[in-house]
A.B. asks: 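Starting off with a structure, shown below.
Everything numeric in this text was worked out from a predicted model, so none of it was measured. If you read the sequence from its start, that first residue is 1, and numbering goes on from there.
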Amino acid sequence: KDDSSLETIVRKIQDSMTLSKKHKFWETQPVGQFKDIGDTSLPEGLIEPPTPLFEVKQEPYNLPSPYEWTTCDMDSEDTCTEVYNLLKNNYVEDDENMFRFNYSKEFLSWALRPPGYYKSWHIGVRAKASKKLVAFITGIPARIRVRDEVVRMAEINFLCVHKKLRSKRLAPVMIKEVTRRVHLENIWQAAYTAGVVLPTPITTCQYWHRSLNPKKLIDVGFSRLGPRMTMSRTIKLYKLPDSPATPGFRKMELRDVPAVTRLLRNYLSQFVVSPDFDENDVEHWLLPTEGVVDSYLVESPETNDVTDFCSFYTLPSSILGNQNYSILKAAYSYYNVSTKTPLLQLMNDALIVAKQKDFDVFNALDVMRNESFLKELKFGPGDGQLHYYLYNYRIRNALSPSELGLVLL
Ligand SMILES: CNCCCN(C)c1ncc(F)c(N2CC(C(=O)NCc3cnc4ccccn34)C2)n1
């Protein structure tokens with residue numbers, strides 16, 4: 001009976017050790033469960049039917065008393081700055097705490113305001129006393145095709161809890177609150193990623209890095225000098241031409257939106273999971289935006305057809321604790337389509353223009369057809385894995401990364 005008895009304490013420790021709290025939470029959610037892996041009797045698709053809208057909880061979930069919900073108006077410069085600073089100081093770091101993502105204000109404004117976005121899905125938590133923003137989570141609407149079904153989903157991203165408020169169990173209530181607000185808009189599925197394993201990844205991707213400025217990358221500890229390699233030999237190894245090789249390679253312009261949409265829709269149709277982009281989506285997500293997203297295409301000099309496309313987004317990282325550098329300039333491969341120019345040559349041109357724009361490193365996941373160029377273009381495997389998840393949508397067998405045609409920011 002005595003609750004503080006030793007065996008009770010031991011059992012509690014064992015419980016928390018075995019099923020960490022995050023699994024306790026995810027076992028209550030309509031997501032693929034570890035215990036269901038391999039159970040072919042379970043149908044692919046919807047896990048739970050939609051709730052009638054009048055049954056969706058109308059009021060926000062309860063927060064611990066010192067905190068309150070706030071909706072972050074990303075049209076407001078001041079709110080954008082608050083969100084930027086929260087993420088700059090408290091968002092994802094690498095395992096050795098040497099780098100932390102430093103999404104820019106312009107990037108956040110772009111990433112969170114696609115066609116049809118909902119302000120109510122840009123959710124913040126403030127301390128009642130100081131009114132300081134201490135946590136954030138977002139959703140944006142997206143049409144995602146899974147095999148031959150286009151599903152309206154929310155893409156959930158930027159979950160961030162201030163370092164000082166960790167392990168207060170804020171994340172589960174923030175996830176429930178964004179889910180509630182997504183349900184209120186009659187959307188019942190979601191897509192999200194994490195660097196950690198949760199129930200249950202639809203696929204697990206590997207990051208690959210292509211050095212553009214090897215000296216800086218070695219100086220800041222992002223990469224190490226290879227065995228039997230000198231710095232000058234390393235710089236020569238990663239050297240790139242001064243300009244792209246492909247005739248007709250140029251920046252994408254507004255007039256290219258219809259052609260790029262056709263090209264991209266056709267290319268993405270080969271993957272099991274991919275966005276169902278229309279021209280409005282392509283104009284928002286892929287038209288070049290300075291310091292946010294760069295996109296190039298190949299216009300055949302003979303026929304004036306748009307035959308190929310490549311794009312990358314700008315996501316710098318703060319370098320924590322280095323005397324000489326404070327920012328790592330990283331480009332992340334976004335959507336690439338090759339129909340005439342070999343993908344290898346197209347991506348080498350992407351590396352060339354990224355180097356011209358003074359990026360230090362070009363990152364890519366092993367999704368879509370990226371595997372085919374990574375090693376040959378001198379990408380090295382990274383330490384970070386990215387797991388992709390769907391909420392309330394079962395995929396019977398995990399996909400291989402090459403079946404995934406979806407890049408989340
Ligand atoms: C949809 N949202 C995913 C985006 C978050 N993304 C980009 C991300 N999620 C987990 C990762 F593992 C990761 N990696 C890029 C690779 C890398 O560059 N590793 C060194 C490094 C440099 N800066 C940072 C900052 C944070 C973590 C690792 N960092 C590993 N990227």
Side-chain angles (χ1 to χ4, degrees), residues 22-23 26-27 29-48 139-157 159 187-209 264-277 281 285 309-313 332-338 343 347 363-375 379 381-409:
K22 71 185 178 187
H23 291 180
W26 284 107
E27 282 172 1
Q29 300 297 302
V31 292
Q33 296 297 332
F34 290 137
K35 64 180 171 50
D36 296 339
I37 291 177
D39 181 346
T40 50
S41 71
L42 294 166
E44 193 151 277
L46 210 62
I47 294 176
E48 269 180 7
I140 54 168
R143 277 185 329 285
I144 306 283
R145 181 184 50 72
V146 184
R147 296 194 207 283
D148 52 11
E149 184 184 10
V150 176
V151 182
R152 277 186 58 70
M153 294 196 188
E155 286 178 5
I156 305 302
N157 207 342
L159 169 57
I187 291 178
W188 306 93
Q189 271 75 34
Y192 52 103
T193 64
V196 290
V197 178
L198 305 167
T200 300
I202 60 164
T203 193
T204 293
C205 308
Q206 181 76 40
Y207 272 98
W208 290 72
H209 312 288
L264 191 54
R265 286 183 65 85
N266 192 34
Y267 191 77
L268 291 175
S269 64
Q270 69 184 292
F271 304 112
V272 171
V273 175
S274 86
D276 180 62
F277 285 138
D281 301 316
W285 290 120
F309 175 82
C310 64
S311 59
F312 50 87
Y313 61 87
Y332 283 75
S333 177
Y334 198 28
Y335 290 99
N336 307 303
V337 179
S338 105
L343 188 58
M347 292 312 293
N363 292 333
L365 288 162
D366 56 357
V367 297
M368 293 181 272
R369 296 201 174 180
N370 291 355
E371 186 86 57
S372 67
F373 62 76
L374 291 168
K375 287 190 181 123
F379 283 75
D383 54 1
Q385 285 192 314
L386 198 63
H387 308 278
Y388 276 74
Y389 300 93
L390 292 181
Y391 182 93
N392 194 18
Y393 200 95
R394 190 191 316 283
I395 297 267
R396 186 168 298 136
N397 304 314
L399 309 178
S400 89
S402 59
E403 294 176 293
L404 184 71
L406 175 65
V407 177
L408 298 188
L409 300 170

A.B. asks: Do Y388 and P201 touch side chain to side chain, with heavy atoms closer than 4.5 Å?
C.D. replies: no

A.B. asks: Please work out which of the three classes, parallel, tilted or perpendicular, describes the rings of Y332 and Y207, given edges at 30° and 60°.
C.D. replies: perpendicular

A.B. asks: Quick check for you: to the nearest 0.5 Å, what is the distance between I395 atom CD1 and I202 atom CD1?
C.D. replies: 5.5 Å

A.B. asks: Could you walk me through whether Y389 and V31 satisfy the side chain to side chain contact (heavy atoms under 4.5 Å, CB included) test, starting with their C-alpha distance in whole Å, then the side-chain angles of each, then the deciding distance to 0.1 Å, before giving a yes or no?
C.D. replies: CA-CA 9 Å; Y389 300 93; V31 292; over 6 Å; no

A.B. asks: Taking the side chain as everything from C-beta on, heavy atoms only, tell me whether N370 gets closer than 4.5 Å to M347.
C.D. replies: no

A.B. asks: What heavy-atom pair brings I47 and G32 nearest, and what distance separates the two atoms?
C.D. replies: CD1-N, 3.9 Å

A.B. asks: When you measure from the side chain of T193 to the backbone of L386, do you find a donor-acceptor pair of N or O atoms at a distance under 3.5 Å?
C.D. replies: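 No.
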
A.B. asks: What's the spacing between D383 CG and Q206 CD if we round to 0.5 Å?
C.D. replies: 8.5 Å

A.B. asks: Between Q385 and V197, is any pair of side-chain heavy atoms under 4.5 Å apart?
C.D. replies: no

A.B. asks: Are M153 and V146 packed together at the side-chain level, in the sense that at least one heavy-atom pair is separated by less than 4.5 angstrom?
C.D. replies: yes

A.B. asks: Restricting to non-hydrogen atoms, name the atom on Y391 and the atom on P30 that form the minimum distance, rounded to 0.1 Å.
C.D. replies: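 Shortest heavy-atom contact: OH-CD, 3.3 Å.
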
A.B. asks: Among E149, Q189, E44, E48, which residue meets the side-chain hydrogen bond (donor to acceptor under 3.5 Å, both in side chains) test with Y393?
C.D. replies: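 Filter result, single survivor: E149.
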
A.B. asks: Go through the steps to decide whether L365 and W208 satisfy the test side chain to side chain contact (heavy atoms under 4.5 Å, CB included), and finish with yes or no.
C.D. replies: CA-CA 6 Å; L365 288 162; W208 290 72; over 6 Å; no

A.B. asks: Within the distance-only criterion (no hydrogens, no angle test), does the side chain of D366 pair as donor or acceptor with the backbone N or O of E371 below 3.5 angstrom?
C.D. replies: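 No, because the side chain of D366 does not come within donor-acceptor range (under 3.5 Å) of the backbone of E371.
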
A.B. asks: Is the side chain of R145 donor-acceptor paired with the backbone N or O of R147 at a distance under 3.5 Å, no angle test?
C.D. replies: yes

A.B. asks: Which heavy atom of R152 sits nearest a heavy atom of P141, and at what distance?
C.D. replies: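 Taking R152 first and P141 second, the nearest heavy atoms are NH2-CB, 4.3 Å.
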
A.B. asks: Would you say the side-chain atoms of Y313 pair up with the backbone N or O of L409, donor to acceptor, closer than 3.5 Å?
C.D. replies: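 Between the backbone of L409 and the side chain of Y313 there is no qualifying donor-acceptor contact (under 3.5 Å).
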
A.B. asks: Using only atom types and a distance under 3.5 Å, with no angle test, would you say the side chain of N336 pairs donor to acceptor with the backbone of S311?
C.D. replies: yes

A.B. asks: Just by distance, do the side chain of D276 and the backbone of R143 share a donor-acceptor pair under 3.5 Å?
C.D. replies: no

A.B. asks: If I take atom CG from residue L343 and atom CE from residue M368, how far apart are they, to the nearest 0.5 angstrom?
C.D. replies: 10.0 Å

A.B. asks: Any side-chain heavy atom of T203 sitting closer than 4.5 Å to one from E403?
C.D. replies: no

A.B. asks: Without swapping roles, check the side chain of Q33 against the backbone of T200 for a donor-acceptor pair under 3.5 Å.
C.D. replies: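 No.
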
A.B. asks: Can you find a pair of side-chain heavy atoms, one from S338 and one from R369, that are under 4.5 Å apart?
C.D. replies: no

A.B. asks: For the residue pair I156 and G139, what are the closest heavy atoms and their distance?
C.D. replies: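 Residues I156 and G139, closest heavy atoms: CD1-CA, 3.9 Å.
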
A.B. asks: Return the CG to OG distance between D36 and S41, rounded to the nearest 0.5 Å.
C.D. replies: 8.0 Å

A.B. asks: Output the distance between atom OH (Y192) and atom CD (E155), rounded to the nearest 0.5 Å.
C.D. replies: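 Here the interatomic distance stands at 13.5 Å.
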
A.B. asks: Answer yes if the ring centres of Y335 and F277 are under 6.0 angstrom apart, and no otherwise.
C.D. replies: yes

A.B. asks: Evaluate the side-chain proximity of P275 to D281: yes if any heavy-atom separation is below 4.5 Å, no if none is.
C.D. replies: no

